[in-house]
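We number each residue from 1, following the sequence as shown. All values below come from the heavy atoms of this structure, side chains included, with hydrogens, waters and symmetry mates left out.
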Amino acid sequence: MTRLFRCGRFELKLDRPLVMAIINVTPDSFSGDGLARTPGLARERALTAIADGADILDIGGESTRPGAEMVSEDEEIRRILPLIEMLHPLGVPISVDTLKPKVMRAALSSGADLINDINGFRAKGAIDAVADTNCGLCVMHMQGEPRTMQQNPRYGDVVEEISEFLCERLAVLERARIAKARIVIDPGFGFGKTLEHNITLFRALDRYGGLAPVLAGVSRKSMLGAITGEPVDRRVAASVVAAVAAAARGAAILRVHDVSETVTGLKTWAALGLEFPALDGDKQSDRG
């Protein structure tokens, strides 16, 4: 039986890797693609992403790059709400990348289908903001917070510690009576991890599929810059390879800047007869 992800207005089949397009409405995105104060341009980018094969649109109103400063709740809401309202009629799931409960509530009231929380719904009021809705949840691991997370990240066993964190958060959400079918998890590449941590985590990515469907976001990140020596605007090829490799390790959702190239990479992999791991719930549960 195909695994389903219940996500607001949608039930998404996880019988193939889904592509989540990043739509930033910030002035300081690390990738340089922020569209602050220009919701019309952001809408055009979203339409292009849909035409290129995006399955989900992920709107971000606050940069979470290393060293980023937080913006106010009201400013974040001012940035994202016009775009949510523009995109809602397009019939594609809308995700909002936020860790603030007030922003979560405003986004959901405006039609968002998924809350993508880099803080794993740990903020006071975050679980209450989503519990009595039908939205999807992406629970991410982050050591520290964006302003300081890359200063000196430390782990004894990065794979095991992140697994323990995700299990703990899933248990908290279960106690809040949030259906497991509404949840995906993200190990948080680049969020309080060194290059060595990220590579170790990537190689063990298939360990997490038994907990919940996995979202992987490595697009254009500094780990790829460290591997290739390329600046952020020349990391498309590395990003596509990393996305396909993540899918080959069982990632159900790929969060990317470069939708067309990623979709092409996935199609090529499949056409060559190279399989993605089964995303069936029964098979995933055997992974441990």
Side-chain angles (χ1 to χ4, degrees), residues 2-25 29 31 33 35 42-60 83-84 87-88 90-97 112-116 118 135-140 183-190 202 205-206 208-209 212-221 224 235-272 274-279 284:
T2 300
R3 213 173 192 185
L4 296 175
F5 174 38
R6 287 169 44 197
C7 178
R9 296 168 289 163
F10 303 87
E11 280 195 343
L12 303 178
K13 291 183 178 182
L14 301 180
D15 55 354
R16 62 173 177 83
L18 302 183
V19 174
M20 172 187 276
I22 299 167
I23 311 293
N24 287 316
V25 281
S29 166
S31 62
D33 65 347
L35 294 168
R43 181 179 183 276
E44 291 305 309
R45 181 167 291 173
L47 289 171
T48 298
I50 293 169
D52 288 342
D55 300 289
I56 305 169
L57 304 173
D58 189 44
I59 300 171
L83 186 56
I84 295 172
L87 299 180
H88 190 267
L90 299 181
V92 176
I94 299 170
S95 168
V96 171
D97 181 357
D113 300 290
L114 167 62
I115 300 296
N116 180 9
I118 65 170
C135 75
L137 288 69
C138 180
V139 181
M140 199 192 83
I183 302 169
V184 298
I185 57 175
D186 180 352
F189 292 104
F202 199 96
L205 195 59
D206 58 352
Y208 298 108
V214 174
L215 182 150
V218 294
S219 180
R220 301 190 191 176
K221 286 189 173 178
L224 301 180
R235 296 177 192 164
V236 177
S239 297
V240 172
V241 171
V244 175
R249 285 169 169 79
I253 302 174
L254 306 169
R255 184 177 182 272
V256 306
H257 297 87
D258 306 293
V259 174
S260 177
E261 293 86 347
T262 303
V263 169
T264 297
L266 293 170
K267 286 181 177 177
T268 303
W269 180 274
L272 292 173
L274 303 168
E275 296 182 356
F276 296 110
L279 294 170
Q284 286 277 17

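- Here the shortest heavy-atom pairing between Ala247 and Leu266 reads CB-CD2, 4.0 Å.
- Here the closest heavy-atom approach between residue Ala246 and residue Phe202 is recorded as N-CZ, 3.5 Å.
- Here the rule is side chain to side chain contact (heavy atoms under 4.5 Å, CB included) with Asp58, and of Cys138, Pro93, Ser95 only Ser95 fits it.
- Counting heavy atoms from C-beta outward, Thr264 and Val240 have side chains that stay 4.5 Å or more apart.
- Across all non-hydrogen atoms, the minimal contact from Ala270 to Phe276 is CB-CE1, 4.4 Å.
- Between Asp97 and the choices Ile118, Ile59, Asn24, the side chain to side chain contact (heavy atoms under 4.5 Å, CB included) rule is met once, by Ile118.
- Looking at Asp206, its side chain never comes within 3.5 Å of a backbone N or O of Arg249 through a donor-acceptor pair.
- Taking every heavy atom of both residues into account, Ala49 and Leu57 meet most closely at CB-CD2, 4.2 Å.
- To the nearest 0.5 angstrom, Phe10 atom CZ is 14.0 Å from Leu4 atom CG.
- Panel note: side chain Ser219, backbone Ser239; no donor-acceptor pair is recorded below 3.5 Å.
- Summarising the geometry, atom SG belonging to Cys7 is positioned 9.5 Å from atom CG belonging to Leu137; distances are rounded to the nearest 0.5 Å.
- The structure places CD1 of Ile253 at 7.0 Å from CG of Leu114, a figure rounded to the nearest 0.5 Å.
- Note that CD1 of Ile56 and CE of Met20 are 4.5 Å apart. Values are rounded to the nearest 0.5 Å.
- Counting all heavy atoms, side chain and backbone alike, Leu83 lies closest to Arg43 at CD1-N, 3.7 Å.
- Nearest heavy-atom pair across Leu205 and Phe189 is CD1-CZ, 4.0 Å.
- Put simply, the side chain of Val214 reaches to within 4.5 Å of the side chain of Pro187, judged on heavy atoms.
- Residues Leu12 and Asp55 have side chains not in contact (no heavy-atom distance under 4.5 Å, counting atoms from C-beta outward).
- Leu215 CG to Phe5 CZ: the interatomic distance, rounded to the nearest 0.5 Å, is 8.5 Å.
- Exactly one of Val19, Thr262, Val218, Ile22 qualifies for a side chain to side chain contact (heavy atoms under 4.5 Å, CB included) with Arg255. That residue is Ile22.
- Ile50 CD1 to Leu87 CG: the interatomic distance, rounded to the nearest 0.5 Å, is 7.0 Å.
- At a threshold of 4.5 Å between non-hydrogen side-chain atoms, the residues Arg9 and His88 count as touching.
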